Number of protein chains: 2
Amino acid sequence: MPPNGRAGEDGATAQRLLDAAAHEFALHGFQAGRIRDIVDAAGANLAAVNYHFGGKEGLYQATLAHLARRARDEWPFDSPELRAMPPEDQLRAFVRVMLMRYLGGPKASPLSRILAHELLDPTPAFGQILKGVSQPQWARLVQIVRDLLGPRASEDDVSLATLSTASQWVFFLFGRRMFEAVFPALATDPDVVDRLVDHIAFSSIAAMRATRERLEAAPATSRPPRRRAPAEGTEKRRGTAKGEAKDRRI
Amino acid sequence: MPPNGRAGEDGATAQRLLDAAAHEFALHGFQAGRIRDIVDAAGANLAAVNYHFGGKEGLYQATLAHLARRARDEWPFDSPELRAMPPEDQLRAFVRVMLMRYLGGPKASPLSRILAHELLDPTPAFGQILKGVSQPQWARLVQIVRDLLGPRASEDDVSLATLSTASQWVFFLFGRRMFEAVFPALATDPDVVDRLVDHIAFSSIAAMRATRERLEAAPATSRPPRRRAPAEGTEKRRGTAKGEAKDRRI
DNA sequence: TCCTGTTTCAAACAAATTTTTGAAACGGAT
DNA sequence: ATCCGTTTCAAAAATTTGTTTGAAACAGGA
């Protein structure tokens with residue numbers, strides 16, 4: 001009989017399963033990820049997943065924990081040395097780390113891709129991964145942006161500028177294939193990442209400088225001039241009511 | 001016996017199936033989308049999908065075709081009137097259309113979300129949807145950006161600026177949940193879309209203006225100053241070899 | 001060596017999902 | 001009214017995929 005189901009990262013098999021699971025879940029997400037493919041890649045028996053992790057969901061959880069731990073070590077986006085630099089350089093360093101995570105080829109972070117799947121079709125683990133992985137990064141970036149925008153910037157100004165900046169690398173979390181298809185010349189440049197870092201840092205800083213100038217010119221409001229009016233934004237979710245099948249989806 | 005399996009959009013049932021399928025596939029993608037949920041939502045029998053579309057894959061194909069046709073009509077991003085405006089206004093209009101597609105609540109385009117799923121975990125339909133849906137939009141945007149950057153801009157300059165601009169709305173194709181979690185104040189503003197349009201247009205134009213100034217100041221090269229060096233970018237795909245199960249995935 | 005707890009394995013099992021089937025309902029034309 | 005092609009339906013097969021099982025292999029210590 002299995003000890004309790006609850007195991008973590010002791011045996012060599014369990015370790016190989018975690019690595020293979022990271023790959024598979026990164027590629028296809030939780031629901032579409034096949035545990036048969038995982039055990040094949042890990043050279044393990046089908047029952048190993050249940051023995052070591054108590055099931056597919058347990059393996060997923062363990063994989064997330066495993067990856068989160070590794071990501072913190074391998075791609076630090078914060079450090080005392082960084083904090084000592086001017087905000088422009090802090091931003092540049094931040095951009096580099098993020099782009100390496102997303103475009104860094106074999107070194108790219110599977111966790112990022114899993115987060116992408118969770119964003120599109122969340123599982124119960126969504127909240128946890130958002131809080132543990134994304135929030136710290138956003139918080140750090142918000143600090144940098146606030147420095148760049150200066151004291152006149154409102155919270156919303158900072159939020160908007162943070163979004164615009166981050167989106168320029170978050171794009172590659174999803175859009176790598178689109179990038180390669182639409183801009184093949186750029187995408188095949190061996191220096192892509194460097195050129196992207198340069199460009200994103202340059203244009204983000206330029207945009208924020210312009211915003212700062214606007215804010216410091218007009219002392220009254222902080223919202224840019226409006227032109228048109230109406231909008232809305234809500235959307236349905238998959239109801240947990242309607243006694244349907246298992247709720248592997250949120 | 002089914003006529004041939006090949007049907008399109010004649011019967012009322014087939015139409016309802018298409019609508020329900022658009023919703024389901026937009027939410028969960030092809031693989032995770034359940035045909036049982038589709039027929040339930042459409043008030044049709046389980047066998048109807050096979051009768052009318054020859055199977056789940058046929059329904060998916062038909063849904064894509066159906067949505068592509070509708071998207072062209074409902075959210076035009078190009079027109080003679082638009083072309084007559086100054087490029088700044090063209091960009092603003094473009095941003096608005098795209099944000100409405102992604103954040104427009106019930107009016108948001110299911111096709112966009114399906115594209116998102118395809119980007120993350122492509123099916124054989126990926127090429128078709130990229131070519132038919134995305135490419136025209138990118139091409140139009142590239143034109144606008146080229147106008148804004150002026151004649152000194154190289155192809156790569158245009159590509160980079162296009163990416164930076166587009167990424168600011170493409171973000172919301174995937175990141176809506178993140179947006180809501182990280183910037184709740186902004187996300188619940190009833191005027192979000194308008195504020196985002198204003199901000200994205202403003203900061204994109206500011207960034208491009210800065211790039212243009214840089215280009216026109218230094219006549220020689222067109223690449224911004226470098227700082228660090230190395231990088232790479234490749235990644236494995238799921239091999240079609242290794243006689244595995246059906247290749248619903250690419 | 002023998003015992004004991006752990007790990008691996010092939011096969012069976014179970015649950016969920018897609019596909020098929022054969023009959024019934026339907027609707028218009030003869 | 002009857003015929004015939006089309007469409008719908010409930011039920012059953014087939015497939016895919018996660019889980020369980022019972023035995024065998026393994027490892028370390030009495």
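Reckoned from all heavy atoms, side chains included, excluding hydrogens, waters and symmetry mates. Just so it is clear: chains get the letters A, B, ... in the order the sequence lines come, proteins before strands, and each one is counted from 1. No experiment lies behind these values; they were computed from the predicted model shown.
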Angle class for the Trp169(A)/Phe94(A) ring planes (parallel below 30°, perpendicular above 60°, tilted otherwise)? tilted

Check every atom of dC9(D), dT8(C), dT18(C) against the side chain of Ala47(B) and return the nucleotide holding the closest atom. dC9(D)

Just how far, in rounded Å, is P of dT17(D) from CD of Gln31(A)? 11 Å

Using whole Å, what does the distance between atom P of nucleotide dT7(C) and atom CD of Gln15(A) come to? 14 Å

Distance, rounded to the nearest Å, where Arg34(B) contributes CZ and dT17(C) contributes C1': 9 Å

In whole Å, what is the span from the CG atom of Leu46(B) to the C1' atom of dT17(C)? 9 Å

Integer-rounded Å distance: dC9(D) P and Asn45(B) CG: 5 Å

Considering only dT19(D), dT19(C), dT21(C), which nucleotide approaches the side chain of Asn50(B) most closely? dT19(C)

Integer-rounded Å distance: dA16(C) P and Ile35(A) CD1: 16 Å

Whole angstrom is fine here: how far is it from CZ in Phe53(B) over to C1' in dT7(D)? 13 Å

Angle class for the Tyr60(A)/Phe30(A) ring planes (parallel below 30°, perpendicular above 60°, tilted otherwise)? tilted

Could you check how far CG of Leu17(B) sits from C1' of dT8(D), rounded to whole Å? 12 Å

Give a yes or no on whether Arg140(A) atom CZ has more than 12 heavy-atom contacts from other residues, nucleotides or ligands under 6.0 Å away. yes

Any His52(A) side-chain N or O less than 4.0 Å from OP1/OP2 of dT6(C): no

Counting distance only, does the side-chain N/O of Gln168(B) pair as donor-acceptor with the main-chain N or O of Ser167(A) below 3.5 Å? no

Checking only heavy atoms, does the side chain of Arg36(A) share a donor-acceptor pair with the base of dG18(D) at less than 3.5 Å? yes

Could you tell me whether the phosphate oxygens of dT7(D), OP1 or OP2, come under 4.0 Å of any side-chain nitrogen or oxygen in Thr13(B)? no

